[in-house]
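To start, the structure itself, in C-alpha cells.
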Amino acid sequence: MSLIITCILLLLLCMAAYQDIRSYRIGNALVFSGALLGLLLNVFLPTGIGLYQSLAGWGMGLLLLLPLYLLRAMGAGDVKLMAMVGAFLGPQAIMVTLLYVLVTGGVLSICVAIYRGVLKKLFYSTKIIIVEFITNLFTPKSNRLPNGHSFAGITQDATAKMPYGVAIAVGTATFLAVNQLAIL
C-alpha cells in the first residue's frame, strides 16, 4: 500500500474516532466519501489494489461486523467505518485487520468498564451471553425459556455506550504499522 493511501486512511480514521468520542456517532458523509475515496485511490494510483479488490474489501468490511450490529452490540456507523477501511485495504487485509480491531475493542471495553466502575457487571453480562448462546444452540426453540436475556440489553446495560470507532482506528493503525514493519 502506498504512503499516500495509508496517510489518507489514517486521517479519515482519526476524524471518525474524534466524531465517535464527541457524539457517539460516525457521520455518513465521512464514511461514504471515505469509501469512495478509497475506491478511487485504489483504481487510479499505480500502487492501488484495483477496483475489484477495493469493492470486495468494502463488502467484506461491511459483512464482518454486520452480525454485531444485528445483535445491537455495535452501531451502524462502526459497521460502515469498517467497510470504508475495507475499501482502502482489500478483502484479505480487512480480515486480518478485523482481528486487530476486535482485540483493541476488547481492551478498550475493559478500560471503559474499569473507568465507569462496571467491570464486574461486564464480566457477568459476558458470561450470561455466552451461556445463553451455547444453551440456545442445543435447545429446541419450543423448550427455551420465554424470558431469556437480550444480547442488546445486557451489553448496553453493562458499559453503556462505547466509542468503537476508536477501536477501529487504533486496531487498523496497529495493523498498518505491523504490516509496514514486516515489509522492512
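The first residue of the sequence shown is numbered 1, and numbering continues consecutively from there.
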Any chance CD1 of I4 has more than 12 other-residue heavy atoms, nucleotides or ligands included, within less than 6.0 Å?
no

Test of understanding: clusters of I, L, V, M, F, W, Y form through side-chain heavy atoms closer than 4.5 Å, transitively. Do L12 and V43 belong to the same one?
no

When clusters are formed by joining ILVMFWY residues with side-chain heavy atoms under 4.5 Å apart, either directly or through shared neighbours, do V178 and F175 land in the same one?
yes

Would you mind reporting whether T47 and L3 have side-chain heavy atoms less than 4.5 Å apart?
no

Do Y164 and V101 have side chains that approach each other closer than 4.5 Å (heavy atoms only, starting at C-beta)?
yes

Taking the side chain from D20 and the backbone from I26, do they hold a donor-acceptor pair closer than 3.5 Å?
no

Side-chain heavy-atom pair T174, V170 within 4.5 angstrom cut-off:
yes

Is it the case that over 12 heavy atoms from other parts of the model lie below 6.0 angstrom from the OH atom of Y24?
yes

Could you measure the distance from the CE atom of M60 to the CE atom of M82? Nearest 0.5 Å is fine.
11.0 Å

Partner of I5 under side chain to side chain contact (heavy atoms under 4.5 Å, CB included), picked from L89, I49, N42, is N42

Show your working on side chain to side chain contact (heavy atoms under 4.5 Å, CB included) between M84 and L9 and close with a plain yes or no.
CA-CA 9 Å; M84 181 197 82; L9 175 58; 4.1 Å; yes

Applying a strict under-4.5 Å side-chain criterion to I, L, V, M, F, W and Y, I'd like to know whether L62 and V85 cluster together.
yes

